[in-house]
Amino acid sequence: MKKNYQKEIGEKGEKLAKNYLEKNNYQIIETNYHSRHGEIDIICQKDEWYVFVEVKTRTNYSFGRPEESINDKKLENFKNTIEKYIIENNLNDKKWRVEVLAITLNNKKNKAKINHLKEI
């Protein structure tokens, strides 16, 4: 049951993230891209940049803030996955960056706080 709850929270966070990005003029290209190294939650474009977005969602801070769960190993795997995507899609000459959307849900008030960390 706990896994389903975590999956539900993650899916809710990703939906909020997509809406937030679209409202801020990001064009969503793909979601949930997988490689053997990991997953990219959202791939989008903003101006001339390809933006690879990691979404972290929490309902409270018992295990820290959402962005604190991104350690060096996670970031290394994320960048390896990005490199695979760039090669597969022939984007070698394009500019790209990594961004994080750290989302904290408050289910009682049906609100969310989004912390947008750019150029990680």
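Fair warning: this is a prediction, and the values are worked out from it, not measured in the lab. Any value given below was found using the heavy atoms of this structure, including those in side chains, with hydrogens, waters and symmetry copies removed.
Shortest non-hydrogen contact noted between I28 and E22 is CG1-OE2, 3.6 Å.
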Can you give each donor-acceptor pair under 3.5 Å made by side-chain atoms of residues 90-97, sequence neighbours left out, with the distance rounded to 0.1 Å?
residue: K95; atom: NZ; partner: E48; partner atom: OE2; Å: 2.9
residue: R97; atom: NE; partner: E99; partner atom: OE2; Å: 2.5
residue: R97; atom: NH2; partner: E99; partner atom: OE2; Å: 3.1

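Every residue two or more places apart in sequence or in another chain was checked for a side chain to side chain donor-acceptor pair (under 3.5 Å) with Y85, and none qualifies. Scanning for side chain to side chain donor-acceptor pair (under 3.5 Å) contacts around T31 gives an empty result, with sequence neighbours left out. E67 meets the side chain to side chain donor-acceptor pair (under 3.5 Å) test with N115; sequence neighbours excluded. For K56, the side chain to side chain contact (heavy atoms under 4.5 Å, CB included) criterion is met by E54, P66, S69, I70, K74, not counting sequence neighbours. Evaluation of the side chain to side chain contact (heavy atoms under 4.5 Å, CB included) rule for E68 yields R65 as partners, not counting sequence neighbours. Under the rule for a salt bridge (charged side-chain N to carboxylate O under 4.0 Å, His left out), K18 has no partner lying at least two apart in sequence or in another chain. Qualifying side chain to side chain contact (heavy atoms under 4.5 Å, CB included) partners for E39, counting only residues two or more places apart in sequence or in other chains: N32, H34, D41.
Annotation: side chain of V51 is not in contact with side chain of L21 (no heavy-atom distance under 4.5 Å). T57 is not listed as a side-chain neighbour of K12, based on a closest heavy-atom distance of 4.5 Å or more. T104 places a side-chain heavy atom less than 4.5 Å from the side chain of Y61. The closest side-chain heavy-atom distance from K113 to N106 is not below 4.5 Å.
For CG of N71, the number of neighbouring non-hydrogen atoms (other residues, nucleotides, ligands) closer than 6.0 Å is greater than 12.
With values rounded to the nearest 0.5 angstrom, K79 atom NZ is found 14.5 Å from H37 atom NE2. Here CG of N4 is found 9.5 Å from CD of E11. Values are rounded to the nearest 0.5 Å. In this structure, the separation between OG on S35 and CD1 on I40 is 7.0 Å, given to the nearest 0.5 Å. Atom CG in L75 sits 10.0 Å away from atom CG in N80 (nearest 0.5 Å). For the atom pair E30 CD and I42 CD1, the distance stands at 11.5 Å (nearest 0.5 Å). With rounding to the nearest 0.5 Å, the separation of CD in E14 from CG in L101 is 10.5 Å.
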Stepwise, does the side chain to side chain contact (heavy atoms under 4.5 Å, CB included) test hold for I86 with Y50?
-> CA-CA 10 Å; I86 287 171; Y50 280 83; over 6 Å; no
